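Note that the structure is predicted; figures quoted are calculated from it, not measured.
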Amino acid sequence: MTRKERRLVVRNIRNHHRGLRDERLQDKPDQGKVMKQVAKVQASSSIYDGAYTTFADWRFIHRARLNLLSLNGARRFNLNSDKRCRRCRNPNERLPHVLSHCMRLSNPMNKRHNALVQRIMKAAEGRFWKVITENQPIPGIDSTLRLDIVLKKNGEVLLIDVTCPFENDEASLDEARLRKEQKYAPIAAALRRTYRQVTVHAFVGSLGSYDPKNVKLMNRQASKKYQTLQEALRHRHDSMVKDDLH
């Protein structure tokens, strides 16, 4: 074989074994449920360069994605020990509970949510979108529902609501998005009487998994450079809960 052919063979062997390792990780019943969602899009792994990420955040996000945090409900040994949440005394202190459901951690959860909202707002400013409402009922609409952001430009309205569910499996983000679309469907229908195009969007993922369906919205809202920055910063926001775990 020529030198070029040898390099090609070696590269193919390396890629094959890399794919096998990836499949083994995703097949693990406990760790694979998050990694299947992470593997869907490259933006979910944008922390490889460490930009805007502290060492503490780096250690947290990888351990959390692999379910290796020292939580009472996720022990590999002493299975008969107390599994209750050390904060709210929930019967099972597992990662989904800590990141998305524990009421004692509602403050860092709100900070994570608000940080994502502010990133979307900043992106919208650069593309001359006008903010109609922010966390308020829409004027003229018979509904008390509050979307995080309602944007308008050239007869088009974007209804955006940020949600951060736990990436329990591949369908978890789709289900979260569907719930948001169904919840705000009456508002969208009412606005379509006035505006030519109205769409509902949801930003999701509590462990930094990027929903591919967000790409279409962000392409219209922000430049490629800002999207890259937002992807790097998102992992910083996703680790906000870590300081209150114990």
Side-chain angles (χ1 to χ4, degrees), residues 37 40-41 43-44 46 52 99-100 106 108-167 171-238 240-241:
Q37 188 61 46
K40 270 190 171 183
V41 59
S44 299
S46 63
Y52 309 100
L99 291 180
S100 303
S106 58
M109 290 179 195
N110 288 333
K111 289 181 180 178
R112 176 180 63 194
H113 172 275
N114 294 338
L116 291 171
V117 171
Q118 291 304 312
R119 287 291 160 192
I120 299 171
M121 290 280 290
K122 187 173 180 60
E125 292 174 0
R127 292 295 179 94
F128 305 104
W129 287 89
K130 179 181 179 181
V131 178
I132 299 178
T133 62
E134 181 181 356
N135 193 28
Q136 294 178 350
I138 302 176
I141 301 297
D142 186 17
S143 175
T144 59
L145 293 177
R146 301 184 176 203
L147 286 111
D148 288 324
I149 311 170
V150 179
L151 303 175
K152 179 181 71 171
K153 185 173 76 171
N154 299 331
E156 181 179 359
V157 172
L158 302 179
L159 308 179
I160 303 173
D161 204 64
V162 172
T163 180
C164 299
F166 183 75
E167 297 96 321
S172 58
L173 300 189
D174 290 334
E175 292 171 357
R177 178 180 292 277
L178 181 60
R179 286 195 299 270
K180 291 294 184 181
E181 291 175 349
Q182 293 175 342
K183 179 179 180 180
Y184 298 112
I187 295 179
L191 289 172
R192 288 190 183 102
R193 302 190 190 106
T194 306
Y195 300 96
R196 61 178 175 81
Q197 185 175 353
V198 179
T199 53
V200 181
H201 300 273
F203 274 70
V204 290
S206 63
L207 278 173
S209 295
Y210 199 70
D211 188 350
K213 294 181 180 178
N214 288 333
V215 174
K216 183 177 179 181
L217 173 64
M218 291 309 299
N219 284 342
R220 303 188 58 206
Q221 273 198 314
S223 64
K224 292 293 184 182
K225 182 178 180 180
Y226 186 81
Q227 289 184 57
T228 302
L229 172 63
Q230 178 164 291
E231 290 162 7
L233 288 171
R234 190 182 66 259
H235 297 283
R236 174 66 175 164
H237 305 326
D238 294 331
M240 287 181 173
V241 182

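Every salt bridge (charged side-chain N to carboxylate O under 4.0 Å, His left out) that K213 has, sequence neighbours left out, goes to D174. For E167, the side-chain hydrogen bond (donor to acceptor under 3.5 Å, both in side chains) test picks out S206, S209, with sequence neighbours left out.
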Exercise for the section: List the steps, then state whether side chain to side chain contact (heavy atoms under 4.5 Å, CB included) holds for L158 with E156. Expected result: CA-CA 7 Å; L158 302 179; E156 181 179 359; 3.8 Å; yes
Practice task
Could you please spell out the steps behind the side chain to side chain contact (heavy atoms under 4.5 Å, CB included) verdict for Y195 and V157?
Solution key: CA-CA 7 Å; Y195 300 96; V157 172; 3.5 Å; yes
Problem - Step-by-step side chain to side chain contact (heavy atoms under 4.5 Å, CB included) determination, R112 to C164 - result: CA-CA 9 Å; R112 176 180 63 194; C164 299; 3.9 Å; yes
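Taking 4.5 Å as the limit, some side-chain heavy atom of L173 sits within range of a side-chain heavy atom of Q37. For the pair I138 and L191, the minimum side-chain heavy-atom distance is below 4.5 Å. E134 has its side chain within reach of M121: a pair of non-hydrogen atoms, C-beta onward, lies under 4.5 Å apart. Residues F203 and T163 have side chains not in contact (no heavy-atom distance under 4.5 Å, counting atoms from C-beta outward). Between T199 and Q197, some side-chain heavy-atom pair lies under the 4.5 Å cut-off.
Of all the heavy atoms in K152 and W129, the pair that sits closest is C-CE3, 3.6 Å. Of all non-hydrogen atoms in F166 and S100, the two that sit nearest each other are N-OG, 3.6 Å.
Side chains of R177 and N214: a donor-acceptor N/O pair is present below 3.5 angstrom, by distance only.
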Can you list, pair by pair, the side-chain donor-acceptor contacts under 3.5 Å of residues 141-151, counting residues two or more places apart and other chains?
from	atom 1	to	atom 2	distance (Å)
S143	OG	L145	N	3.2
D148	OD1	H113	NE2	3.3
D148	OD2	H113	NE2	2.9
D148	OD2	V162	N	2.7

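For R193, the CZ atom counts as loosely surrounded, since its 6.0 Å shell holds 12 or fewer non-hydrogen atoms of other residues, nucleotides or ligands.
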